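Both counts, for ligands and for their atoms, begin at 1 and track the order of listing. These numbers come from the heavy atoms of this one structure, side chains and all, not from hydrogens, waters or symmetry mates. Since this is a predicted model, take the numbers as computed values, not measurements.
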Amino acid sequence: MNFLSKKARGILPYTAGEQLRDRTYVKLNTNENPYPPSPRVMEALSRIEGEALRRYPRPDAGMLRAAIAEREGVAPENVFCGNGSDEVLALSFPAFFDGDGAGVCFADITYSFYEVFAAFFGIPTTIVPLNAQFALDLPAMRAADCRGYYIANPNAPTGIGVGRDVMEAFIASVPEKLVVADEAYMDFFGESLVPLTKKYGNLLVVKTFSKSYALAGMRCGYAVGAPALIEGLFRMKDCFNSYPVDAVAEAVCVAALSDAEYHANTVALVVSERERVRGELLKMGFIVPESRANFLFAGRAGKSGKEIYTKLKEAGVLVRFWDKPVLRDFCRITVGTRAENDVLIDQLHKILS
Ligand SMILES: *Cc1c(COP(=O)(O)O)cnc(C)c1O
């Protein structure tokens with residue numbers, strides 16, 4: 001007997017980056033922060049009491065919601081928290097889109113989870129190719145027959161960012177369509193659309209603690225938008241899981257938010273290393289679009305992405321590779337610590353010589 005539903009049999013799930021434990025790798029493949037979370041996070045963890053674990057957590061993650069609202073300059077009614085921003089994104093599909101009529105639009109090269117979610121929830125998609133410079137083709141997206149957009153900004157895995165003014169003009173030009181801006185990497189760019197959520201009811205911004213806050217293991221993300229949008233996410237959450245943010249995650253993320261200085265310092269370190277590594281890769285003859293994220297998208301004529309990925313892996317350096325059109329000529333390399341990046345650069349020199 002095959003007990004799987006037709007849906008389970010037919011679906012092609014998202015493939016996450018490798019989390020290999022067979023040896024010690026310089027791990028530059030899943031865009032984790034190379035620095036630890038703020039010391040305040042470890043203090044908050046040590047203060048967790050049994051009582052907080054015995055009880056169910058707040059169903060709306062209220063304490064964290066308030067802290068995010070304060071940090072983002074919005075009201076708590078403008079904030080929704082979930083178990084990683086992947087969950088927030090997942091809930092947004094059934095909250096805002098239907099299986100009939102026009103569906104969602106996104107770029108052909110972007111976060112591949114959007115396609116998985118659309119398929120899972122049976123929502124039609126319009127996929128718009130990137131332009132020749134690997135940038136979003138916003139005019140073509142504007143013209144698409146759809147009810148909304150998923151835009152990773154900076155985009156993944158290219159790292160290319162779209163400035164706030166250009167995004168605002170786009171959002172203003174599609175008032176009848178919902179724009180979901182996935183800002184997983186925005187802290188490395190600094191052009192967040194959160195302030196625009198007060199002005200545009202068709203904008204939902206999704207952010208995460210996984211990347212710039214170095215809390216990928218904690219699983220916490222959030223959305224900021226008009227109360228009507230946040231209400232839609234709550235309706236979907238309460239159909240799946242009443243308590244997606246656990247008591248530990250709530251306390252830890254509040255502590256992380258309280259240490260703005262530590263956050264700004266680690267972001268600045270990653271950004272300065274990103275620029276240094278990009279410079280080295282360019283010198284080695286790689287094509288590397290200017291990145292606004294914590295990773296670089298690098299390819300080199302005469303060497304396939306697979307060859308670079310495989311040889312780096314043999315040398316103990318993990319990067320991300322996709323065997324798909326366009327992507328197969330590139331690898332996505334997460335920016336590590338200075339020492340990790342030096343190992344990467346050294347190994348690349350060996351591979352190329
Ligand atoms: C990493 C990432 C996320 C989600 O991360 P979570 O760990 O689920 O918060 C969302 N979007 C993009 C583009 C990402 O790269």
Check residues 297-304 and write down every donor-acceptor pair under 3.5 Å in which the side-chain atom is one partner and the other belongs to a residue at least two apart or another chain.
from : atom 1 : to   : atom 2 : distance (Å)
R300 : NE     : M284 : O      : 2.7
R300 : NH2    : M284 : O      : 3.4
K303 : NZ     : E307 : OE2    : 3.2
S304 : OG     : E307 : N      : 3.1

Cluster overlap I48 with L64, hydrophobic side-chain contacts below 4.5 Å: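 As far as the 4.5 Å side-chain criterion goes, L64 and I48 are connected within one cluster.
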Donor-acceptor contacts, no H, no angles, side chain residues 217-236, under 3.5 Å, sequence neighbours left out:
from : atom 1 : to   : atom 2 : distance (Å)
R219 : NH1    : S210 : OG     : 3.4
R219 : NH1    : A216 : O      : 3.3
Y222 : OH     : E72  : OE2    : 2.5

For a distance cut-off of 3.5 Å, show me each N or O of ligand 1 paired with any protein N or O, plus the separation.
from     : atom 1 : to   : atom 2 : distance (Å)
ligand 1 : 5 (O)  : S85  : OG     : 3.4
ligand 1 : 7 (O)  : S210 : OG     : 2.6
ligand 1 : 7 (O)  : R219 : NH1    : 2.7
ligand 1 : 7 (O)  : R219 : NH2    : 3.3
ligand 1 : 8 (O)  : S85  : N      : 3.3
ligand 1 : 8 (O)  : D86  : N      : 3.0
ligand 1 : 8 (O)  : D86  : OD2    : 3.1
ligand 1 : 8 (O)  : R219 : NH2    : 2.8
ligand 1 : 9 (O)  : S85  : N      : 2.7
ligand 1 : 9 (O)  : S85  : OG     : 2.8
ligand 1 : 9 (O)  : T208 : OG1    : 2.5
ligand 1 : 9 (O)  : S210 : OG     : 3.3
ligand 1 : 11 (N) : D182 : OD1    : 3.3
ligand 1 : 11 (N) : D182 : OD2    : 2.7
ligand 1 : 15 (O) : Y185 : OH     : 2.5
ligand 1 : 15 (O) : K211 : NZ     : 3.0

For the residue pair Y243 and Y56, categorise the inter-ring angle as parallel (less than 30°), tilted (30 to 60°) or perpendicular (more than 60°). parallel
Sequence neighbours left out, what pairs pass ring-ring contact (aromatic ring centres under 6.0 Å, His included) with at least one residue falling in residues 1-40? Y14-Y111, Y14-F113
Got a second to check how far E115's CD is from D108's CG, nearest 0.5 Å?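 One gets 9.5 Å once the value is rounded to the nearest 0.5 Å.
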